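None of these values were measured; they are calculated from a predicted model.
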Amino acid sequence: MIGQRLEVRQGQGLVITPQLQQAIKLLQLSNQELDEYVEAELEKNPLLQREEPETAPDEAREAPADTSELSFSDTDAPDRSSTVDAREDDVYGDATPGERTSDRLSDEAAEQPGLSDWSAAGKGGSFNDGDGGERPERHEPTLWEHLQAQASSAGFSATDHAIALSLIDGVDDGGYLRGELAEIAERLGCSLARVETVLGVCQGFEPTGVMARSVPECLKLQLIERNRFDPAMAVLLDNLELLARRNLAALRTACGVDGEDLAEMIGELKALTPRPGAGFAGEVAQTVIPDVHVRPDPAGGWRVELNTDTLPRLLIDKRYHATVSAGARTETEKAFVADCAAQATWLVKSLDQRAKTILKVGSEIVRQQDAFLAFGVEFLRPLNLKTVADAIGMHESTVSRVTSNKYVSTPRGVFELKFFFTAAIQATDGGASHSAEAVRHRIKAMIDHEDRDGDVLSDDRIVEILKEAGIDIARRTVAKYREALRIPSSVERRRMLNTG
């Protein structure tokens with residue numbers, strides 16, 4: 001029988017307040033986005049003001065505590081739960097346990113000289129966020145962002161990805177790579193040959209010709225892509241100064257071609273783009289401002305410090321609050337003043353807890369990856385979000401938000417915090433896991449020795465050899481790593497050896 005009735009039911013539900021949503025948002029903002037957010041709050045809330053460097057704190061103002069430094073050594077690490085007091089409930093301020101639980105359920109994820117008449121026109125764009133708040137305008141991806149996206153999907157190992165990002169940082173707005181490869185190799189603690197190998201992959205990115213180190217190399221990459229690079233064209237590229245002087249007779253002699261062929265070759269060159277990055281918007285490499293600095297500690301180990309220059313420091317003007325509170329007449333005015341005071345107090349506290357949490361997560365990552373800092377990029381250890389979260393008493397989603405769009409400055413360069421999380425491969429004997437990067441190195445070394453031994457290894461044979469060495473790995477994983485290293489299959493390698 002269908003009817004209407006009233007009944008009372010008791011149940012549990014997860015509630016997330018607007019303030020908790022804002023706290024979560026603050027945690028994952030980059031330093032630039034945070035500064036924009038704070039500027040918007042300063043405009044809306046009359047009780048908030050920035051702390052000026054020369055301003056001394058007094059009784060009428062409240063400022064967050066200074067939690068800008070943490071130092072430890074490899075042999076004498078501090079108690080991570082007490083050195084920086086930032087448990088997960090600190091991050092979420094006054095949120096209830098149910099509100100914190102709800103968050104756990106939400107996880108995330110110099111202009112190049114020469115041939116200037118071939119340069120392409122730039123383009124721009126705008127951008128508008130859909131949340132109604134004040135956000136940066138949307139923009140077309142810059143060349144730097146475009147290359148970073150390709151590097152992320154290129155199948156690089158963690159080590160090679162780090163090398164690729166360092167190379168991309170050296171690209172100018174024309175698309176050319178500036179800087180010495182030997183210097184990058186020395187800074188990252190890896191071999192020059194490896195940097196050159198990664199550069200070879202990066203030079204296959206779009207736009208064609210990007211990350212070349214000279215005009216001839218840029219044009220060569222584009223000709224290779226069009227299957228138009230031959231010995232005569234190689235000589236022409238080596239003698240571009242003759243082309244600039246219009247010395248066609250010398251060019252014909254050097255290239256060994258007649259006038260008709262030379263004209264055709266010059267026409268092909270004019271169809272190329274000597275500045276492949278010119279078609280992208282804005283500045284190519286936006287300056288990354290690190291959130292955390294890591295420096296060697298004179299006492300041993302590493303000193304981890306927040307970059308205080310990027311931390312907005314806000315004050316609550318209690319005197320002004322008392323004045324406007326006394327002058328409030330209506331209930332609406334009183335409610336507005338009370339709301340401004342509550343919002344200001346929450347924001348100051350949230351910024352303080354955000355700083356503590358970034359410092360705590362960054363310090364644990366440095367502790368886990370100290371071998372990388374000491375010995376180089378090949379010593380990255382297997383690391384995941386859960387390992388860091390368990391070590392510092394936070395949830396994985398919190399660590400994930402903290403490591404998004406946050407950067408750390410180290411003696412080996414500036415890296416995003418997410419860079420330090422690398423995959424692990426289990427050992428067959430149940431022992432310590434092997435870094436995926438170390439396994440890739442071993443696979444590459446075995447294949448590199450094929451030329452000397454004359455025995456081409458199939459993927460199945462590589463799996464057997466690795467299992468004999470105590471590495472539990474599947475055949476499809478070996479194939480994936482081999483393809484990421486741009487190594488042909490055993491059939492293709494055997495054919496190359498026979499024809500060589």
Side-chain angles (χ1 to χ4, degrees), residues 27-32 108-109 144-171 184-185 187-190 194-195 198-199 201-202 205 285-295 302 304-307 310 357-389 391-392 396 398-425 433 435-441 481 484:
L27 199 59
Q28 59 194 15
L29 291 181
S30 67
N31 47 35
Q32 293 178 341
E108 59 178 349
W144 185 75
E145 294 166 341
H146 183 62
L147 294 175
Q148 270 206 326
Q150 293 180 81
S152 298
S153 59
F156 281 132
S157 66
T159 300
D160 289 345
H161 187 242
I163 297 172
L165 294 182
S166 295
L167 292 171
I168 291 170
D169 284 343
V171 176
I184 296 175
R187 177 165 57 83
L188 293 178
C190 60
R194 184 161 195 178
V195 175
V198 174
L199 176 59
V201 177
C202 293
F205 292 169
Q286 300 292 334
T287 301
V288 173
I289 303 175
D291 301 84
V292 180
H293 291 300
V294 177
R295 300 182 178 91
W302 304 96
V304 183
E305 303 169 341
L306 286 175
N307 183 0
T310 66
T357 307
I358 292 174
L359 180 62
K360 194 168 186 180
V361 172
S363 299
E364 179 60 25
I365 290 175
V366 170
R367 193 185 73 84
Q368 296 278 355
Q369 298 290 9
D370 59 334
F372 160 74
L373 297 172
F375 305 113
V377 72
E378 297 183 10
F379 290 84
L380 280 170
R381 295 170 180 165
L383 185 64
N384 55 38
L385 295 173
K386 187 175 187 304
T387 301
V388 173
I392 61 179
E396 288 179 57
T398 302
V399 176
S400 178
R401 290 185 178 92
V402 169
T403 54
S404 295
N405 301 314
K406 309 295 188 305
Y407 293 83
V408 55
S409 172
T410 75
R412 298 197 176 276
V414 178
F415 304 95
E416 188 176 9
L417 288 177
K418 282 191 177 295
F419 156 76
F420 295 98
F421 295 92
T422 61
I425 297 177
S433 300
S435 167
E437 176 54 30
V439 175
R440 289 188 185 94
H441 271 295
Y481 288 174

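Partners of His146 by ring-ring contact (aromatic ring centres under 6.0 Å, His included), not counting sequence neighbours, listed by chain and number: Phe280.
Closest non-hydrogen pair, Ala391 versus Glu364, comes out as CB-OE2, 3.4 Å. The heavy-atom pair separating Asn405 from Glu416 by the smallest distance is N-OE2, 3.2 Å. Nearest heavy atoms, Arg401 versus Lys406: O-NZ, 3.5 Å. Shown here for Lys418 and Ser404, the closest heavy-atom pair between the two residues is CE-OG, 3.1 Å. Here the closest non-hydrogen pair linking Ser157 and Arg194 is OG-NH2, 3.6 Å. Heavy atoms only, all atoms of each residue included: Arg367 and Arg381 are closest at O-NH1, 3.8 Å.
To the nearest 0.5 Å, atoms NE2 (His293) and CG (Leu306) are separated by 9.5 Å. Atom OG1 of Thr387 and atom CD1 of Ile365 lie 11.0 Å apart (nearest 0.5 Å). The structure places CG of Leu188 at 6.0 Å from CD1 of Ile163, a figure rounded to the nearest 0.5 Å. Between atom OH of residue Tyr407 and atom CG of residue Asp291 there is a gap of 9.0 Å, rounded to the nearest 0.5 Å. Rounded to the nearest 0.5 angstrom, Glu305 CD and Leu359 CG are separated by 9.5 Å.
Panel note: side chain Gln148, backbone Leu165; no donor-acceptor pair is recorded below 3.5 Å. Counting only distance, with no hydrogens or angles, the side chain of Gln369 and the backbone of Phe420 share a donor-acceptor pair below 3.5 Å. Proximity of a side-chain donor or acceptor of Lys360 to a complementary backbone N or O of Ile358 within less than 3.5 Å is not detected. With Asn307 contributing its side chain and Val292 its backbone, the two residues share no donor-acceptor pair below 3.5 Å. In terms of modelled atom types and a separation under 3.5 Å, the side chain of Asn31 and the main chain of Ile289 share a donor-acceptor contact. Looking at Thr403, its side chain does come within 3.5 Å of a backbone N or O of Val399 through a donor-acceptor pair.
Looking at heavy atoms from C-beta onward, Val198 lies out of side-chain contact with Val195 at the 4.5 angstrom threshold. Inter-residue side-chain proximity for Thr159 and Cys190 is flagged as unmet; no heavy-atom pair is nearer than 4.5 Å. At least one side-chain heavy atom of Trp144 sits less than 4.5 Å from a side-chain heavy atom of Ile168. Pro411 has its side chain within reach of Trp302: a pair of non-hydrogen atoms, C-beta onward, lies under 4.5 Å apart. Counting heavy atoms from C-beta on, the side chains of Pro290 and Val408 never come closer than 4.5 Å.
Between His161 and Phe156, the two ring planes are tilted [angle within 30° to 60°]. The aromatic rings of Phe415 and Phe419 lie parallel to each other, their planes meeting at an angle below 30°, with 60° marking the opposite boundary.
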Report the C-alpha separation of Ser166 and Asp169 in whole Å, then their side-chain angles, then the decisive distance to 0.1 Å, and conclude whether the side chain to side chain donor-acceptor pair (under 3.5 Å) test is met. CA-CA 5 Å; Ser166 295; Asp169 284 343; 5.3 Å; no
